[in-house]
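Presented below is the structure to which this report refers.
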Amino acid sequence: MAKALTKRSENYAQWYNDLVIKADLAENSAVRGSMVIKPYGYAIWEKMQAQLDKMFKETGHENAYFPLFIPKSYFSKEASHVEGFAKECAVVTHYRLKNDPDGKGVIVDPDAKLEEELIVRPTSETIIWDTYKNWIQSYRDLPILINQWANVVRWEMRTRLFLRTAEFLWQEGHTAHATRQEAIAETQQMIEIYAQFAQDFMAMPVIVGNKTETERFAGALDTYTIEALMQDGKALQSGTSHFLGQNFAKAFDVKFASKEGKLEYVWATSWGVSTRLMGALIMAHSDDNGLVLPPKLAPIQVVIVPIYKGFDELDNIRPVAQKIKSELQKVGISVKFDDRDTHKPGFKFAEYELKGVPIRLAMGPRDFENGTIELARRDTLEKSTVPQEGIVERIQVLLDEIQTNIYQKAFRFREENTFQVDTWEEFKTQIEKGGFILAHWDGSSETEEKIKNETKATIRCIPIDAKEEDGLCVYSGKPSRQRVLFARAY
RNA sequence: CGGGGUAUAGCGCAGCUGGUAGCGCGCUACGUUCGGGACGUAGAGGUCGGGCGUUCGAGUCGCCCUACCCCGACCA
């Protein structure tokens, strides 16, 4: 009872915060805006990482690592890029401390000032393109398909655990190509990988589309995004893939000799997802009892809780539980047998619900007598008593079923909260209620800006699968050829 | 950066018109419990964010810092 969560209906933001803390995913640190990711939260991130890393490697990418610090001057090479990040950079100006001559503590040694300040990377395009310059001379050196797993720092004004933190973990892919076409194909391939990951592993449906010019990545010619709808009706940008054109190649003078012997600038892409995905995962599925994790990303897929009075009963149960555990492990299912004597079953039930473990097995004396076991699924909270015989197959099937079920639940939610809107009045009313709005837009940044100012809604993306359809802009009444996706966003 | 708030035990909080700090949870020990967050008994734990001032006396009053939180502004 002490751990009761705030209800989603009472205060969604508070619910989210409570959940992150109480499910032991992360906590605020002593440093403003920077979080400590706790072991259980990190375990989920590791599962995400492992799967994404596999998908990147399957598509020919390799991992590398570039420096945390970037010379300040690099940021002045690509104008729009620096403009996008300048206001949120941490800057290293000195390299040494010394004892405060006036008393206690330490001070920054004024004699240890750096010739050129170093920027803690907010993203690595600049240092990577400066490096690629030395790697690329000929078309034979292309493509370069590199990813790095790293931390980055963006000095955000306001932060929220996982969703926006001053320091966060991510991967950033940076590729170099001989042709425009190939770079665009790469950009599209990676957004599709993100979409596939979101849907198949996070059980979270996403809309794939292009950002408008104003919402684009600083320095990109085109930005693809996956947009997910959270339970409170707000959108969460969950991954982006950028076609950078020749902007960075020109800024860092990266040219190659083509087959025809001509010197040409390289074509670039970059793409990334971050620990923000944790926020997406939490908000997409969880309920007032706690986390609901898709089996494919759950650090513990099955937990076995023994119920007993006295150690003789536990001694009966233990071998049966151990046997089930090892049989499940043999087929690749992660299992925890929680035989802690320090907590009662009811406590454990509540705890694993809070932590979103997809399947809970409970076995007591009654089950021991009858050759049964109690099986509870987290997504529906349904309990049933089933025979121990065939439990492995049953669980294998059920894990898949849960994975599918929570995807479908999220998908249904999105469908029920996506609205086609054709008038400005309707738009203003609907945006207050939340959800995705599909509406016509005249394609101008001015209109986009005005809509944002009046409603706080932004164009999340221009969906790539949008069908052509003549219509009138919901704001300006000017002609439009397709609907775009509006929402209020995180 | 604007507006609002908070700072007292590990966490959440109370402490009125000033008199030397308390509650719940958690923690430790022992016992009884154990099929949905157990109970009893006994304990441990606090320079009251920092500084200065008023006062015989400050968690409490005044001033000044600092940090954090919320709402806005900002945010590939």
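We use all heavy atoms of the structure for the numbers below, so side chains are in, but hydrogens, waters and symmetry mates are not. In what follows, chains carry the letters A, B, and so on, assigned in the order in which the sequence lines appear, proteins first and then strands, with residues in each chain numbered from 1.
Between B:C34, B:G37, B:A76, one nucleotide has an atom nearer to the side chain of A:Trp170 than all others, and that is B:A76. Comparing B:G35, B:G37, B:A76 by their closest approach to the side chain of A:Ala350 singles out B:G37. For A:Lys344, counting side-chain heavy atoms from C-beta on, the closest listed nucleotide (B:A38, B:A76, B:C70) is B:A38. In this structure, of B:A76, B:G37, B:C75, it is B:C75 that holds the atom nearest to the side chain of A:Lys87. Checking B:A76, B:G35, B:C75 against every side-chain atom of A:Asp367, the shortest atom distance belongs to B:G35. Taking every side-chain heavy atom of A:Glu353 into account, B:G36 is the closest of B:C75, B:G36, B:A73. Among the nucleotides B:G37, B:A76, B:G35, the one closest to the side chain of A:Phe347 is B:G37. Candidate nucleotides B:A73, B:A76, B:C34 were compared by shortest atom distance to the side chain of A:Ile307, and B:C34 ranks first. In this structure, of B:G35, B:C75, B:A76, it is B:A76 that holds the atom nearest to the side chain of A:His242.
Along RNA chain B, the nucleotide closest to A:Lys456 and the one closest to A:Gly346 are compared, and the more 5′ of them pairs with A:Gly346. With the nearest nucleotide of RNA chain B identified for both A:Phe311 and A:Thr223, A:Phe311 has the one nearer the 5' end.
A:Trp170 carries A:Arg154 over the face of its six-membered ring, with the cationic atom under 6.0 Å from the centre and within 45° of the normal. At least one test fails for A:Lys325 against the ring of A:Phe337: distance under 6.0 Å to the centre or angle within 45° of the axis. Figure legend: A:Arg360 and A:Phe349 shown as a cation-pi pair, the cationic atom lying under 6.0 angstrom from the six-membered ring centre and within 45 degrees of its axis. Geometrically, A:Lys450 does not engage A:Tyr475 in a cation-pi contact, judged by NZ or CZ lying under 6.0 Å from the ring centre and within 45° of the ring axis.
In RNA chain B, runs of at least 3 consecutive Watson-Crick or G-U pairs, each pair with both distances below 3.5 Å, span B:1-7 with B:66-72, B:10-13 with B:22-25, B:27-32 with B:38-43, B:49-53 with B:61-65.
Under the ring pair (Phe, Tyr, Trp, His ring centres under 6.0 Å) criterion, the residue pairs touching residues 6-37 of chain A are A:Tyr12-A:Trp15, with sequence neighbours excluded.
Atom P of nucleotide B:U33 and atom CG of A:Asp312 are separated by 13 Å, given to the nearest angstrom. Atom P of nucleotide B:C34 and atom CG of A:Asn316 are separated by 16 Å, given to the nearest angstrom. If you take CZ of A:Arg164 and P of B:A73, they are 12 Å apart, rounded to a whole angstrom.
The existence of a salt bridge linking A:Lys133 and A:Asp130 is excluded, since no basic side-chain nitrogen approaches an acidic carboxylate oxygen closer than 4.0 Å. A salt bridge links A:Glu27 to A:Lys38: at least one charged side-chain nitrogen sits closer than 4.0 Å to a carboxylate oxygen.
Of the listed residues (A:His242, A:Arg460, A:Gln237), just one forms a side-chain contact (heavy atoms from CB on, under 4.5 Å) with A:Thr225, and that residue is A:Gln237.
Taking 3.5 Å as the limit, the base of B:A76 and the side chain of A:Arg154 contain a donor-acceptor pair of atoms between them. If you check distances only, the side chain of A:Glu215 never reaches the base of B:A76 with a donor-acceptor pair under 3.5 Å. A donor and an acceptor atom sit less than 3.5 Å apart, one in the side chain of A:Lys383 and one in the base of B:G36.
B:A21 and B:C74 are spaced 43 Å apart, taking the C1' atom of each and rounding to whole Å. Taking atom P in both B:C48 and B:A9, the straight-line distance is 10 Å, to the nearest Å. On the C1' atoms, B:C25 is 15 Å away from B:C39, given to the nearest whole Å. Across B:U17 and B:C13, the matching C1' atoms stand 23 Å from one another, rounded to whole Å. A gap of 27 Å separates the C1' atoms of B:U55 and B:U6, to the nearest Å. Here, B:G45 and B:G10 have their P atoms 12 Å apart, quoted to the whole Å. B:G5 and B:C23 are spaced 30 Å apart, taking the P atom of each and rounding to whole Å.
Ring-plane geometry between A:Phe56 and A:His61 is classed as perpendicular, the angle between the planes exceeding 60 degrees on a 0 to 90 degree scale with a lower cut at 30.
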